[in-house]
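Please read the structure below before turning to the comments.
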There are 2 protein chains.
Amino acid sequence: MAGPMADGDDGVCPVRDVLDRLGDAWSVLVISHLEQGPARFNALRRAIAGISQRMLAQTLRKLERDGLASRTVFPTTPPQVEYALTDLGRSFSTHLAQLAQWATHHQPAIRASRRAYDAAHLDGEE
Amino acid sequence: MAGPMADGDDGVCPVRDVLDRLGDAWSVLVISHLEQGPARFNALRRAIAGISQRMLAQTLRKLERDGLASRTVFPTTPPQVEYALTDLGRSFSTHLAQLAQWATHHQPAIRASRRAYDAAHLDGEE
DNA sequence: CCGAATCCCTAACGATACTG
DNA sequence: CAGTATCGTTAGGGATTCGG
């Protein structure tokens, strides 16, 4: 088990569910791309450099299950599957944008703190 | 490699650094507890049920390195070490609280979506 | 084209024991 | 009291292959 309140994947703690999506890099990237409009599976695959089909499928399923993204199948040949953000997903991405702004704004402070910390901890190393 | 922009732990992507702290359950819990005031190592250990000393030490080091928490050593016997949130840490916890509120507010929708999804996907199982 | 199933390997975590 | 070091286990993710 990964944490103190983990229980399968369902939320014993509702906050953790949301935070886990933020902590998942692929989920964030998929949401970011869907923010620009609906997209098909392989379009997302090409757009998100480095993602494996396994992770993309898995991520999309999680987003769909949580109601953040929708999955629409067009019964054509070959089959087309289109993914899009739901209203909930767009609400979520709003907060994601706020966090991105905060992160960008405070990045200098964080990087400075890391340099200071790393510099102060060269006692026993190398 | 864990993601498309992973490069050790230092931020190639500043957003990911912040998101990773949110995704880390222990970091969130430690910050939540420090929000109520400074605390010593073993006090945090007792307060956060289920955390191991290894994870607590590791989490505190990451928070300190990123400038979210401060570490103050009192040269007494036995030694006292007090941890507290910095201004940056308090700013961070503000956003954490907002996310918690969002999560709580939308929890019913998420849980409903999950039930619907799970119900629709009993095709081949059990 | 969309996705699931398998294999394998790494990194994360808990438990334990030890140091200042 | 406040940590670090080592060990064993396990879950997550990439590569590949097969099905609808």
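Hydrogens, waters and symmetry mates play no part in the numbers below; they use all other heavy atoms, side chains included. First the proteins, then the strands, lettered A, B, ... as listed; each starts at 1.
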Write down the distance between [atom1] ([X]) and [atom2] ([N]), rounded to a whole number of angstrom.
| X | N | atom1 | atom2 | value |
| --- | --- | --- | --- | --- |
| B/N42 | D/dG3 | CG | P | 9 Å |
| B/E82 | D/dA2 | CD | P | 10 Å |
| A/L63 | C/dG3 | CG | P | 13 Å |
| A/R54 | D/dA15 | CZ | C1' | 10 Å |
| A/I51 | D/dT16 | CD1 | C1' | 17 Å |
| B/L60 | D/dC1 | CG | P | 16 Å |
| A/E64 | C/dC2 | CD | P | 14 Å |
| B/R71 | D/dC1 | CZ | P | 16 Å |

Check your understanding: Has A/Y83 got a side-chain N or O lying under 4.0 Å from the OP1 or OP2 atom of C/dG3?
Key ->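 The answer is yes; a side-chain N or O of A/Y83 sits under 4.0 Å from OP1 or OP2.
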Review point. Between A/R45 and C/dC1, does any side-chain N or O lie under 4.0 Å from OP1 or OP2?
Key: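 Result: no.
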**Study point:** side chain to side chain contact (heavy atoms under 4.5 Å, CB included) evaluation trace for A/D66 with B/S113
**Key:** CA-CA 6 Å; A/D66 284 3; B/S113 177; 5.6 Å; no
Point to revise | Closest-nucleotide 5' rank along DNA chain D - winner of B/R61 and A/Q58 | key: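 It is B/R61 whose nearest nucleotide is closer to the 5' end.
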Review point. Between A/Q53 and A/P79, who's closer to the 5' end of DNA chain D by nearest nucleotide?
Key: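 Its nearest nucleotide lies further toward 5', so the answer is A/Q53.
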Check your understanding: Given D/dC1, C/dG14, D/dG3, which nucleotide is nearest the side-chain atoms of B/R40?
Key ->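 Between D/dC1, C/dG14, D/dG3, the one nearest the side chain of B/R40 would be D/dC1.
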Practice item. Identify which nucleotide among D/dT4, C/dC1, D/dA2 has an atom closest to any side-chain atom of B/A57, counting heavy atoms from C-beta outward. Key: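 Side chain of B/A57 sits closest to D/dT4.
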Practice item. Please step through salt bridge (charged side-chain N to carboxylate O under 4.0 Å, His left out) for the pair A/K62 and A/D20, ending with a clear verdict. Key: CA-CA 11 Å; A/K62 279 192 292 190; A/D20 282 341; over 6 Å; no
Check your understanding: Of the options A/V30, A/L34, A/V28, which is the one that meets A/S32 in a side-chain contact (heavy atoms from CB on, under 4.5 Å)?
Key ->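 Passing option: A/V28.
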Point to revise | Ion pair check, A/D118 and A/R115, cut-off under 4.0 Å | key: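 Salt bridge flag = no for A/R115 with A/D118.
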Point to revise | Residue that, paired with A/R90, satisfies side chain to side chain donor-acceptor pair (under 3.5 Å) out of A/T94, A/D87, A/T86 | key: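 That would be A/D87; it is the only one of A/T94, A/D87, A/T86 passing the side chain to side chain donor-acceptor pair (under 3.5 Å) with A/R90.
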